[in-house]
Amino acid sequence: MKKLVLGISGGISFLLFLILAFVTNHLGQTQDSQSMAERWSRDGNVSQVSCFFSVNAGMDEDRIKEFEHTIDSALADAAVLQESENPGARLWADAYSADGKISISSDRSSLEADAIGIGGDFFLFHPLKLLSGSYFTGNDLNQDYCVIDQDAAWQLFGSNDVAGMTVYISGIPHIVTGVVQREEGRLTEAAGLNSTLIYVSYQTLSELGTNNGINHYEIVLPDPVSNFAYNYVKEKLGNSEKETEVVENTSRYSFLSRLKLIPQFGTRSMNGKAIIYPYWENVARGYEDILTVVTLFELLFLLYAVILALVFFCIWWKHKGWTIREKWLILKDKAERKGEILRAKRLAAKGNPEELEYLSEFEQPERDSRRSQKKRKSKNRKAADREERKTDTEEKSTEEIIEE
């Protein structure tokens, strides 16, 4: 009974491990801002890398443009070439952003709002849920575009369906290309996404708003060898350890990455750099902490199941009634017999009468042995059937006596 209880508890423990493994994998996949590499290429040969900068890092558009001009030559040196015949195909994509504030108004109302000035393919990396309209890119020639969240849409127009409408940022007209749903939840609110947010071009934020400087750059590019993309970005943009931080997003929530975080739990939240993370990175770090705790429970459940399995295996091994040497000798003898039979058959096929005689003599004991084994099994089955019938007869007799 004790063995049965332990066996059931071990099975439940292993089942809980599988459930937690599924939950952690699912939670990691829900973070769209961390899964750009998977969306960019299903082959798994690309990497997503993010850079975060302090105000003192002095990051600007010129430095980013200079870095972009080196990427193609670096990929060519690594023998990575564009093989697609599609003229619009790209090997890599990037984006950057800056935090700030703007004054935005419509014919109906006006407000002061937090703003993110974007450059490059920002919404490719951050596919926020659109309630109406579409995104814009920081590469558009016309920079007089903006995307607003639903709070701003209701305050400015009294509706979410306002794509194509005009707003005024510091008195300059801008076209609303889309309205997005603001992410909700305890983590997102704690991460800083707790007020109205407007997405404008970096140029608009710099010229018409309060620009706190570029604090974030991200890129997805081929990774021909392990950590090629991460090391290249770190070498070119992350050379100042105190002012920058480089993060490899592709395997961020993998099991091995979470294992590495367990010894750092608690201390990793101590940030000695003058870096203010954007809200999506704060959310990502919050999920890392949660998944690290879940991973610890995964390991405990798995460890309990493995220990029980080892104990049961040792008990079985101790009472198995045979040795590895015995099994090895039996297998070796069978292999030798098979080899002899095959050799004799090949020679007999060539018309050697001695081999035919040898083969018949060699195979006869084999056949006799198999027949005797079959006879023993048949005899044992018959004995078991007789015993079962005898037991049934005794039980029926007992029932008749009781009835009388």
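The structure displayed is predicted, hence computed values, not measured ones.
Contact between Asn212 and Val55 at its shortest, heavy atoms only, is O-CG2, 4.1 Å. Nearest heavy-atom pair, Ser109 versus Leu156, reported as atom, atom and distance to 0.1 Å: O-CD2, 3.6 Å. When all heavy atoms are compared, the tightest approach of Ile262 to Thr295 is CD1-CG2, 4.3 Å. In this structure, Ala98 and Tyr202 approach most closely via the heavy-atom pair CB-CE1, 3.7 Å. Here the closest heavy-atom approach between residue Pro222 and residue Ala229 is recorded as O-CB, 4.2 Å. Closest of all the heavy-atom pairs between Val179 and Ala153 is CG1-CB, 4.0 Å.
To the nearest 0.5 Å, atom OG1 of residue Thr210 and atom CG of residue Leu205 are 7.5 Å apart. The distance from atom CG of Leu296 to atom CG of Leu261, rounded to the nearest 0.5 Å, is 12.0 Å. Atom OH of Tyr145 and atom OG of Ser201 lie 11.0 Å apart (nearest 0.5 Å). Between atom CZ of residue Phe53 and atom CD1 of residue Ile275 there is a gap of 9.0 Å, rounded to the nearest 0.5 Å. A distance of 5.5 Å separates CD1 in Ile198 from CD1 in Ile102, rounded to the nearest 0.5 Å. Here the CG-CG distance, from Leu302 to Leu16, works out to 11.5 Å after rounding to the nearest 0.5 Å.
No donor-acceptor distance shorter than 3.5 angstrom exists from the side chain of Gln155 to the backbone of Leu111, with no hydrogens or angles considered. At distances below 3.5 Å, not a single donor-acceptor pair connects side-chain atoms of Tyr253 with backbone N or O atoms of Leu291. Side-chain N or O atoms of Ser13 include none that pairs as donor or acceptor with a backbone N or O of Ser9 at under 3.5 Å. A donor-acceptor pair under 3.5 Å is formed between the side chain of Asn231 and the backbone N or O of Asn227.
For Trp317, the CH2 atom sits in a packed shell: over 12 heavy atoms of surrounding residues, nucleotides or ligands are nearer than 6.0 Å. No more than 12 heavy atoms of other residues, nucleotides or ligands lie within 6.0 Å of CD in Glu66, so this atom counts as exposed by the packing criterion. Annotation: Tyr304, atom OH; neighbour count of heavy atoms from other residues, nucleotides and ligands within 6.0 Å is above 12.
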Practice problem: Could you give me the CA-CA distance, side-chain angles and deciding distance for Gln48 and Leu221, then say whether side-chain contact (heavy atoms from CB on, under 4.5 Å) is met? | Solution: CA-CA 7 Å; Gln48 178 186 355; Leu221 75 164; over 6 Å; no
Quiz prompt | Val294 vs Leu27, side-chain contact (heavy atoms from CB on, under 4.5 Å): CA-CA, chis, key distance, verdict | solution = CA-CA 11 Å; Val294 176; Leu27 288 177; 5.9 Å; no
Quiz item: Going through the distances and angles, do Ser110 and Ile104 end up as a side-chain contact (heavy atoms from CB on, under 4.5 Å)?
Solution: CA-CA 6 Å; Ser110 63; Ile104 185 171; over 6 Å; no
Quiz item: Can Ser132 and Asn160 be said to form a side chain to side chain donor-acceptor pair (under 3.5 Å), step by step?
Solution: CA-CA 7 Å; Ser132 66; Asn160 283 334; over 6 Å; no
Exercise. Determine, step by step, whether Gln181 and Asp149 satisfy the side-chain contact (heavy atoms from CB on, under 4.5 Å) criterion, reporting the C-alpha distance in whole Å, the side-chain angles of both residues, the deciding distance to 0.1 Å, and the verdict.
Key: CA-CA 6 Å; Gln181 179 177 328; Asp149 66 13; over 6 Å; no
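When only modelled atom types and interatomic distance are considered, Glu112 and Ser103 share a side-chain donor-acceptor pair under 3.5 Å. A donor-acceptor contact under 3.5 angstrom links the side chains of Ser257 and Ser254, judged on distance only. Glu248 and Thr250 are linked by a side-chain donor-acceptor pair at a separation below 3.5 angstrom, with hydrogens and angles left out of the test. Between the side chains of Gln34 and Asn249, at least one donor N or O lies within less than 3.5 Å of an accepting N or O. There is no side-chain donor-acceptor pair under 3.5 Å between Ser73 and Thr70.
Of the residues listed (Asn45, Leu75, Asp72), the one engaging Val80 in a side-chain contact (heavy atoms from CB on, under 4.5 Å) is Leu75, and it is the only one. Checked against Pro173 for a side-chain contact (heavy atoms from CB on, under 4.5 Å), the options Thr166, Asp144, Val167 give a single hit: Thr166. Of the listed residues (Phe125, Tyr96, Trp280), just one forms a side-chain contact (heavy atoms from CB on, under 4.5 Å) with His216, and that residue is Trp280.
Side-chain atoms of Val176 and Val147, non-hydrogen and from C-beta on, never get closer than 4.5 Å to each other. Side-chain contact between Glu68 and Asp94 is present, with at least one heavy-atom pair separated by less than 4.5 Å. Within the 4.5 Å cutoff, side-chain heavy atoms of Phe312 are placed close to those of Leu6. Considering only heavy atoms from C-beta on, Leu128 comes within 4.5 Å of Glu183 through its side chain. Between Ile219 and Phe67 there is a side-chain heavy-atom pair separated by less than 4.5 Å. Between Phe122 and Ser97, the closest side-chain pair of non-hydrogen atoms falls below 4.5 Å. Looking only at side-chain heavy atoms (C-beta outward), Tyr277 and Asn215 stay at 4.5 Å or farther from each other. At least one side-chain heavy atom of Leu197 sits under 4.5 Å from a side-chain heavy atom of Ile116.
In this structure, Arg90 pairs ionically with Asp121, as a charged nitrogen and a carboxylate oxygen lie closer than 4.0 Å. At a threshold of 4.0 Å, the pair Glu38-Arg252 does not count as salt-bridged, since none of the basic side-chain nitrogens sits closer than that to a carboxylate oxygen. A salt bridge is absent between Glu184 and Lys129: the closest approach of a Lys/Arg side-chain nitrogen to an acidic carboxylate oxygen does not fall below 4.0 angstrom.
For Phe123 and Tyr135, the ring centers are positioned less than 6.0 Å apart.
The salt bridge (Lys or Arg N to Asp or Glu O under 4.0 Å) contacts involving residues 208-237 comprise Lys234-Glu241, where partners must be two or more places apart or lie in separate chains. Residue pairs satisfying the salt bridge (Lys or Arg N to Asp or Glu O under 4.0 Å) criterion with at least one member in residues 96-107, sequence neighbours excluded, are listed as follows: Lys101-Asp114. Among residue pairs with one or both ends in residues 253-263, those qualifying as salt bridge (Lys or Arg N to Asp or Glu O under 4.0 Å) are Arg258-Glu298; sequence neighbours excluded.
The aromatic rings of Phe17 and Phe14 sit tilted, their planes meeting at an angle between 30° and 60°. Between Phe313 and Trp316, the ring-plane angle classifies as tilted under the 30° and 60° cut-offs.
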